[in-house]
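Counting convention: from 1, in listed order, for ligands and their atoms alike. Since the structure is predicted, the reported quantities are computational estimates derived from the model, not experimental observations.
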Amino acid sequence: MQKDKIFSKPLSTVRPFQFDENVARVFPDMISRSVPGYDLILTVLESITEKYVQEGSNLYDLGCSLGASTLAMMHGINKKNCRIIAVDNSRPMVDKAKSTLDLYHSPAEIQLVCDDLRNINMENASVVVMNFTLQFIEPENRRKILRDIYKGLMPGGVLVLSEKICFEDNNQQALNDELHLNFKKQQGYSNLEISQKRSSLENVLIRDTLETHEKRIREVGFSVFEMWFRCYNFVSMLAVK
Ligand code: GEK
């Protein structure tokens with residue numbers, strides 16, 4: 001796995017974060033050293049898929065990056081005639097995902113799509129995963145995406161939504177940010193890397209509170225809401241139609 005050194009040298013200008021070739025090259029290292037619990041979430045995605053997948057249905061991985069969640073879903077499929085549609089609007093990510101996914105013998109057909117996830121017409125879905133993707137969409141567009149997911153799901157279908165969150169309470173925010181900062185230092189990131197990456201993500205990764213997520217999920221119609229994972233400011237939620 002290639003080490004993430006993207007922000008290790010002082011940059012004269014820190015540009016807004018992009019999922020470009022450089023990021024795609026180091027992405028597995030970057031995400032696992034930045035998101036506490038990332039590997040656990042993938043493991044659990046597999047068992048959530050086992051529980052909710054329905055025969056002859058579609059499974060969607062929205063914002064698939066290199067296909068880690070797609071693979072987790074693939075391993076959890078225990079029903080016939082399923083199809084995974086994995087979508088990302090970054091060409092370098094999709095190209096790399098393709099070469100990884102091609103190495104597996106999947107029980108389900110896998111379609112990789114390079115497009116904005118908002119252009120995807122979801123239908124007949126049993127499992128929809130957005131693993132740290134909604135946070136990169138403009139907040140005013142998030143409700144429509146959730147509504148479209150709800151419409152595309154079959155009764156009993158599940159949405160798994162993982163996000164970095166913020167807090168109303170300043171003390172809670174400061175505590176969780178500090179604990180996350182310590183995690184990144186433990187993972188070997190320097191203060192310079194941490195602060196340059198933070199500037200680069202400003203206005204690109206926009207967090208909602210857990211309350212905002214739950215309210216929106218319930219408002220679009222989901223009957224079950226569960227925050228099944230949280231570590232500091234990272235959560236993974238599950239919602240059932
Ligand atoms: C994983 N889920 O490893 N349409 C399609 N893709 C998008 C859009 C959009 N509008 N906006 C952002 N992306 C993965 C990790 S990373 C999370 C997901 C992170 C894509 C973007 O190109 C990137 O690949 C992904 O969403 C977010 O389980 O880096 O923190």
Side-chain angles (χ1 to χ4, degrees), residues 1 4 6-7 16-46 48-49 59-76 84-98 100-101 110-122 127-146 148-149 159-166 180 183-184 187 189 194 197-198 200-208 229 231-237:
M1 189 175 353
D4 167 25
I6 290 180
F7 295 101
F17 192 86
Q18 281 191 332
F19 291 96
D20 58 16
E21 206 129 332
N22 294 331
V23 169
R25 203 172 302 125
V26 299
F27 189 71
D29 180 65
M30 174 186 274
I31 193 156
S32 59
R33 289 202 290 138
S34 305
V35 176
Y38 175 72
D39 287 337
L40 174 69
I41 291 172
L42 294 177
T43 304
V44 175
L45 266 181
E46 180 178 332
I48 292 177
T49 302
L59 296 85
Y60 293 86
D61 181 3
L62 305 177
C64 63
S65 299
L66 302 185
S69 300
T70 306
L71 274 181
M73 286 195 273
M74 186 189 95
H75 288 126
I84 306 180
I85 297 108
V87 185
D88 205 290
N89 64 355
S90 155
R91 174 50 69 190
M93 287 291 193
V94 171
D95 288 348
K96 271 197 119 230
K98 178 162 177 15
T100 305
L101 294 170
I110 299 183
Q111 261 180 29
L112 254 176
V113 182
C114 186
D115 200 349
D116 192 302
L117 63 92
R118 285 167 283 198
N119 296 332
I120 303 301
N121 180 33
M122 279 171 279
V127 181
V128 178
V129 170
M130 285 189 102
N131 205 28
F132 302 106
T133 303
L134 193 64
Q135 60 196 19
F136 293 107
I137 309 265
E138 303 76 21
E140 61 275 18
N141 294 327
R142 294 178 185 177
R143 179 179 302 271
K144 162 121 181 31
I145 292 170
L146 289 178
D148 289 346
I149 292 173
L159 162 69
V160 180
L161 177 65
S162 309
E163 289 274 293
K164 186 173 186 183
I165 57 164
C166 60
H180 179 225
F183 172 81
K184 296 229 269 192
Q187 298 297 315
Y189 282 120
I194 293 169
K197 182 159 185 217
R198 189 185 299 129
S200 172
L201 281 171
E202 211 167 316
N203 304 320
V204 175
L205 189 170
I206 300 168
R207 319 185 218 178
D208 282 322
F229 170 86
C231 180
Y232 312 145
N233 36 23
F234 293 86
V235 300
S236 189
M237 301 158 272

For this session: May I ask you to decide if the ring planes of His180 and Phe183 are parallel, tilted or perpendicular, using 30° and 60° as cut-offs?
Result: parallel
For this session: Can you label the angle between the Phe132 ring and the Phe234 ring as parallel, tilted or perpendicular, going by 30° and 60°?
Result: perpendicular
Are there any N/O pairs under 3.5 Å between ligand 1 and the protein, and if so, what are their distances?
unit_1: ligand 1; atom_1: 2 (N); unit_2: Gly63; atom_2: O; d: 2.8
unit_1: ligand 1; atom_1: 2 (N); unit_2: Asn131; atom_2: O; d: 3.0
unit_1: ligand 1; atom_1: 3 (O); unit_2: Tyr38; atom_2: OH; d: 2.5
unit_1: ligand 1; atom_1: 4 (N); unit_2: Leu117; atom_2: N; d: 2.9
unit_1: ligand 1; atom_1: 6 (N); unit_2: Asn89; atom_2: N; d: 3.2
unit_1: ligand 1; atom_1: 6 (N); unit_2: Asn89; atom_2: OD1; d: 3.3
unit_1: ligand 1; atom_1: 10 (N); unit_2: Asp116; atom_2: OD1; d: 3.3
unit_1: ligand 1; atom_1: 10 (N); unit_2: Asp116; atom_2: OD2; d: 3.4
unit_1: ligand 1; atom_1: 22 (O); unit_2: Asp88; atom_2: OD1; d: 2.6
unit_1: ligand 1; atom_1: 24 (O); unit_2: Ser65; atom_2: OG; d: 2.8
unit_1: ligand 1; atom_1: 24 (O); unit_2: Asp88; atom_2: OD1; d: 3.3
unit_1: ligand 1; atom_1: 24 (O); unit_2: Asp88; atom_2: OD2; d: 2.7
unit_1: ligand 1; atom_1: 28 (O); unit_2: Ser69; atom_2: OG; d: 2.6
unit_1: ligand 1; atom_1: 28 (O); unit_2: Asn131; atom_2: ND2; d: 2.9

For this session: For the pair Glu138 and Arg118, find out whether any cationic side-chain nitrogen is under 4.0 Å from an anionic carboxylate oxygen.
Result: yes
Problem set entry | Verdict with reasoning, Asp4 to Tyr189, per side chain to side chain donor-acceptor pair (under 3.5 Å) | CA-CA 9 Å; Asp4 167 25; Tyr189 282 120; 2.6 Å; yes
Report all side-chain donor-acceptor pairs from residues 39-46 shorter than 3.5 Å, counting only partners two or more places apart or in another chain.
unit_1: Thr43; atom_1: OG1; unit_2: Asp39; atom_2: O; d: 3.0

Problem set entry | Check: Ser90 side chain, Phe19 main-chain N or O, donor-acceptor pair, under 3.5 Å | yes
